[in-house]
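Below is one structure, written out as structure tokens, with a few remarks after it.
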Amino acid sequence: MADADESVNKDMKVFVVDSQAFPPQVSVRRDGPQLSIIYLLLAVALLGVFVEAGFIWHLYSRPATTSDILTLEYRKGEKNSPPRSSQDFNEAPKAEHKPAAFLQIASPASSGSGILRWRADSFPVFMKGLEYKNNSLYIQQDGHYYIFSKIAHLENCNYFKHQVMQRTERYSSKAIELMQSSRSICVPSNSQWRGNSYLGGVFQLFKGDSVFVKVNNSSQVHSEAYENFFGAFMI
């Protein structure tokens, strides 16, 4: 029996774990200086993003200036003509300040001379930067103007002529014909046809010039205000 126990003891081996074989565990400090530096760098990066976003918002929210327009024109390749200065832009009248007028036929349409009379004091008539007197529109500012006139008239075998005229000191204030429309159509005597004549064109006018509308027979003109009008506007 003693021999058997001795044999078992010889076969058993005892293993001892050496604690020095494993590296010692290092505790990580969450509040160390390295983590503080990382937080600082992240804060600086976020601050840079916010500052850049502020610059972009300011750039696109401000109104375009004359220098911006000139830069865009130059970048588009318009190299044939040099960029205009801001003075050139200021010399051209703004759209809201350009002279314009719209008049409707008065009643009676003419005083007998064939020059048509117009209403200048009721809706939708308006006047801006022009003067109406003596049945004419008087120019107050040099420039190119679009002049227009539309007349509704009877067509009953009578010759009808519609004219837009100008008076200017350059021609001794003599009436000059700018535009004309004429026609003569016969219809059965028991019916009346209505014709329309429209004139429109661009002309260079100067301060003191006047324009007016003339017909050869004012009795053929319809009296409806909305069918007969006269006006001008600077382009």
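Sequential numbering from 1 along the given sequence is applied to the chain's residues.
- Hydrophobic clustering of Ile, Leu, Val, Met, Phe, Trp and Tyr side chains at less than 4.5 Å, counting indirect connections, unites L199 with I151.
- Formation of a donor-acceptor pair under 3.5 Å by the R117 side chain with backbone atoms of A106 is not found in this model.
- The line from OG of S218 to CG of L116 is 7.0 Å long, rounded to the nearest 0.5 Å.
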Take N228 and K150 through the test side chain to side chain contact (heavy atoms under 4.5 Å, CB included) and record every step on the way to the result.
CA-CA 5 Å; N228 303 277; K150 188 260 185 186; 5.8 Å; no
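- Remark: K214 does not engage E177 in a salt bridge, criterion side-chain N to carboxylate O under 4.0 Å.
- Between atom CG of residue L137 and atom CG of residue L103 there is a gap of 5.0 Å, rounded to the nearest 0.5 Å.
- P124 is not listed as a side-chain neighbour of Y226, based on a closest heavy-atom distance of 4.5 Å or more.
- Here the CG-OH distance, from L130 to Y138, works out to 12.5 Å after rounding to the nearest 0.5 Å.
- Hydrophobic cluster membership differs between F229 and M234, with clusters built from Ile, Leu, Val, Met, Phe, Trp and Tyr side chains linked at under 4.5 angstrom.
- Heavy-atom minimum distance, R167 versus A175: NH1-N, 3.7 Å.
- Judged by distance alone, the side chain of N135 and the main-chain N or O of W118 form no donor-acceptor pair under 3.5 Å.
- Hydrophobic clustering (side-chain heavy atoms under 4.5 Å, transitive across Ile, Leu, Val, Met, Phe, Trp, Tyr) groups V125 together with I147.
- The aromatic rings of F102 and F148 sit parallel to each other, their planes meeting at less than 30°, with 60° as the upper class boundary.
- Contact check for E227 versus R194: side-chain heavy atoms found under the 4.5 Å cut-off.
- F230 has its side chain within reach of V211: a pair of non-hydrogen atoms, C-beta onward, lies under 4.5 Å apart.
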Let's go through Q163 and V213 carefully: what are the C-alpha distance in whole Å and the side-chain angles of both, what is the deciding distance for side chain to side chain contact (heavy atoms under 4.5 Å, CB included) to 0.1 Å, and is it a yes or a no?
CA-CA 6 Å; Q163 299 169 285; V213 180; over 6 Å; no
Assess whether side chain to side chain contact (heavy atoms under 4.5 Å, CB included) is satisfied between Q220 and N158, documenting all intermediate values.
CA-CA 9 Å; Q220 292 181 254; N158 292 324; 3.8 Å; yes
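- Between Y146 and F233, the distance separating the two ring centers is shorter than 6.0 angstrom.
- One distance of note links CD of Q104 with CZ of F123; it measures 9.0 Å at 0.5 Å rounding.
- In plain terms, the two heavy atoms of S210 and S136 that are nearest each other are CB-CB, 4.1 Å.
- Annotation: the span from S149 atom OG to L178 atom CG amounts to 11.5 Å, rounded to 0.5 Å.
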Trace of the side chain to side chain contact (heavy atoms under 4.5 Å, CB included) decision for L205 with D142
CA-CA 6 Å; L205 302 175; D142 297 355; over 6 Å; no
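- Annotation: side chain of E131 is in contact with side chain of Q140 (closest heavy-atom distance under 4.5 Å).
- No hydrogens or angles considered: a donor-acceptor pair under 3.5 Å links the side chains of S219 and N217.
- Residues F126 and I235 fall within the same hydrophobic cluster, defined by Ile, Leu, Val, Met, Phe, Trp and Tyr side chains chained together at heavy-atom separations under 4.5 Å.
- The distance from the NZ atom of K174 to the CD atom of Q166 is 13.0 Å, given to the nearest 0.5 Å.
- Residues I139 and F206 have side chains not in contact (no heavy-atom distance under 4.5 Å, counting atoms from C-beta outward).
- Between M127 and Y132, some side-chain heavy-atom pair lies under the 4.5 Å cut-off.
- The 12-atom threshold is exceeded at CD of E224, counting heavy atoms of other residues, nucleotides or ligands nearer than 6.0 Å.
- Here the options are R183, Q180, H162, the test is side-chain hydrogen bond (donor to acceptor under 3.5 Å, both in side chains), and the partner is S197; only H162 passes.
- Relative ring orientation between F160 and H153 is described as parallel, the plane-to-plane angle staying below 30° on a 0-90° scale split at 30° and 60°.
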